[in-house]
There are 2 protein chains.
Amino acid sequence: MADTLAAGSLTFNPLYKEVKIRLTRGLAGGEWKPGDAIPSETRLAERFNVSIGTIRKAIDELVAERILLRQQGRGTFVATHTEDRTLFYFFHIVGKDGSRELPVTELLSFRKARASAVEEERLRLARGAPTFRIQNVLKLGGKPVVFDEITLPAELFPDLDELVFGGREGTIYGLYQARYAISVLRISERLSAAHPSARAASLLELAPDTCALVINRVAYTYDDTPVEYRLSWVNTERHEYLSDLWKNDGPK
Amino acid sequence: MADTLAAGSLTFNPLYKEVKIRLTRGLAGGEWKPGDAIPSETRLAERFNVSIGTIRKAIDELVAERILLRQQGRGTFVATHTEDRTLFYFFHIVGKDGSRELPVTELLSFRKARASAVEEERLRLARGAPTFRIQNVLKLGGKPVVFDEITLPAELFPDLDELVFGGREGTIYGLYQARYAISVLRISERLSAAHPSARAASLLELAPDTCALVINRVAYTYDDTPVEYRLSWVNTERHEYLSDLWKNDGPK
DNA sequence: TTCGATTTGTTCGTATGTATT
DNA sequence: TAATACATACGAACAAATCGA
């Protein structure tokens, strides 16, 4: 009785929307962690006192949003940032020849800083909130292609330091997820073109006065909470930014 | 009997996939035109000899791909390029202040030409196939922001000429759809940064040596057939390219 | 290897709610 | 008001994949 859905919800959402909200709440709250299987559809149907079809419809939407992952015969799993499938979803730089590979990230600098005006706005932070500011060079085929500056709200990444960041295994978003229970679910990017600074140009091995692609990224987790701001400079002599709208069927 | 699905399909797709294929075939073949309502779910269920749930699942996917549009109480409609919803889906330039408006397109030149090597490859054309090449300037807030060069396979646009193109009502993709029965369903864009040509710079009111954003777009219709190649130069002093992955819930 | 239990995938059918005309 | 259309929800049966005994 305590868990019956139909009652108690003051906003009159359809049942499957309520189920979706409750599942999302469980995911955001850590009841099921990345890589875990959530309970089977049968058990969820019992728990929420709805039919299995209603459960399926809720899960359908979470799968479409890449938050969950279904596998016939095995179960339904919380998506992780260690699956090939997910990796390319957040990395859009491809070779002009069509080649796709994951970058090797080299840490340049790690320091604490106060949020700038732009960062405050994008990350919805208080004035001068403490942040970490991390610079990287991303290499493809051994050559530098992207120069990154990442800004993180210090509050969300308690014990982060240069060693933790540099010593991680896997991707940066994998680190957020594994160590800080922060899952990046969505990113929004704004692109423009500009001359890179002298430092950026030299890091990217760009001749003086060459143009670079500028990417302003904000990464969001549950409830559209921003968790990372990232400014990237891309050498587009041999690479491009791919925006595919949309081949989202995913593999298999 | 003639229309029973389960039989006859040599590839063992699920029923709803077969239904989806047949619906797509009807759409591509012009049985239902943009803006038309397709038959009701009940009638489709009778016609294909499957349950209504199977029909719904097929339509679900076509709606997710923005090929169809459902409206409770009214019916299910073939998407058109005249709906506000659709318009911004293919136009990604936004003001840095967050403003979103549709551009005013001004025709600069219209001529016939042989496909270049790049165009042949992107449009899957034979060597030196005849094409139309159209240049435009797109204005936002009265100021030029984008300089376009569109390449179209002449074969697909039989009687196209400068008057038809310039005299259209609505958007360019609206013209393709209304006059040539070509619906753009998906685009793929590759972005880079470069110095614009002197002509492009002057059209975009860019100071010499300023950088511009370069967009390589290919537009596809049913069956992933490419129908348009477009090279755009963007003045990113006051505007940006927005890549939102993904807020695809759509309005309402 | 085989078998059985478990889990998701597909398909059917039915009933009722809600929006539109 | 009545008819029609899509939306939600339920339940049942079987198929297909997975995994461990």
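No experiment lies behind these values; they were computed from the predicted model shown.
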Open item on the list: If we check side chain to side chain donor-acceptor pair (under 3.5 Å) with B:His92, which of these qualifies: B:Arg217, B:Glu240, B:Glu189?
Closed with: B:Glu189

Task: Atom pair distance, as rounded to whole Å: CG in B:Leu62 and P in D:dC6 - done: 14 Å

TODO: Return the 5'-most residue of the pair A:Pro14, B:Gly75 with respect to DNA chain D, ranking by each residue's nearest nucleotide.
DONE: B:Gly75

- [ ] Output the single nucleotide from D:dC6, D:dC10, C:dT8 whose closest atom is nearest the side chain of B:Glu41.
- [x] D:dC6

Task: Pairwise side-chain contact, B:Asn216 with B:Tyr229, heavy-atom cut-off 4.5 Å (strictly under) - done: yes

- [ ] Considering just the side-chain nitrogens and oxygens of A:Thr54, establish if one lies under 4.0 Å of OP1 or OP2 belonging to D:dC10.
- [x] yes

Open item on the list: Counting only side-chain nitrogens and oxygens, does A:Arg56 get under 4.0 Å of the OP1 or OP2 atom of C:dT10?
Closed with: no

TODO: Can you tell me the pairing partner of C:dT20 across any strand shown, Watson-Crick or G-U wobble, with both distances under 3.5 angstrom?
DONE: D:dA3

Open item on the list: Side chains of A:Arg190 and B:Val94, heavy atoms from C-beta outward: is any pair under 4.5 Å?
Closed with: yes

- [ ] Ignoring backbone atoms, establish whether A:Arg74 has a side-chain N or O less than 4.0 Å from OP1 or OP2 of C:dT6.
- [x] no

Task: Positions of residues 27-39 of chain A (non-hydrogen atom under 4.0 Å from DNA chain C), listed by number - done: none

Task: Qualifying residues under side chain to side chain contact (heavy atoms under 4.5 Å, CB included), relative to B:Leu107, sequence neighbours excluded - done: B:Ile134, B:Asn136, B:Glu162, B:Phe165

Task: Rounded distance in Å - CD1 (B:Ile52) to C1' (C:dT10) - done: 17 Å

TODO: Assess whether ring-ring contact (aromatic ring centres under 6.0 Å, His included) is satisfied between A:Phe90 and A:Tyr173, documenting all intermediate values.
DONE: CA-CA 9 Å; A:Phe90 296 107; A:Tyr173 288 174; 5.8 Å; yes

- [ ] Take atom CZ of A:Phe12 and atom C1' of D:dA7, then tell me their distance rounded to the nearest Å.
- [x] 18 Å

TODO: Ignoring hydrogens and angles, tell me if any N or O in the side chain of B:Asp148 forms a donor-acceptor pair with the backbone of B:Ile150 under 3.5 Å.
DONE: no

Open item on the list: How many whole angstroms separate atom CZ of B:Phe77 from atom P of C:dT20?
Closed with: 11 Å

- [ ] Answer whether the closest heavy-atom distance between the side chains of A:Asp36 and A:Glu31 falls below 4.5 Å.
- [x] no

- [ ] Ignoring backbone atoms, establish whether A:Lys57 has a side-chain N or O less than 4.0 Å from OP1 or OP2 of D:dT8.
- [x] yes

Open item on the list: Tell me if the side-chain of B:Gln72 makes a donor-acceptor pair with the base of C:dG17, cut-off 3.5 Å, by modelled atom types.
Closed with: yes

TODO: Rounded off to whole Å, could you give me the CG-to-C1' distance for the B:Asn49 and C:dC12 pair?
DONE: 13 Å

- [ ] Whole angstrom is fine here: how far is it from CG in A:Leu68 over to P in C:dT7?
- [x] 16 Å

Open item on the list: Once side-chain hydrogen bond (donor to acceptor under 3.5 Å, both in side chains) is applied, do any residues pair with A:Lys20, and if so which ones, sequence neighbours excluded?
Closed with: A:Glu61, A:Glu65

Open item on the list: Looking only at the side chain of A:Arg43 (C-beta and beyond, no hydrogens), which of the listed nucleotides C:dT7, D:dA5, C:dT14 gets closest?
Closed with: C:dT7

Task: Nearest-Å distance for atom pair CG/C1', residues B:Leu15 and D:dA15 - done: 12 Å

- [ ] Let me know, please, whether A:Tyr16 or B:Gln71 comes out on the 5' side of the other along DNA chain D by nearest nucleotide.
- [x] B:Gln71

TODO: Would you indicate which nucleotide in D:dC6, C:dT10, D:dA5 comes nearest to any side-chain atom of B:Thr76?
DONE: D:dC6

Task: Euclidean distance, atom CD1 of residue B:Ile55 to atom C1' of C:dG13 [Å, nearest integer] - done: 14 Å

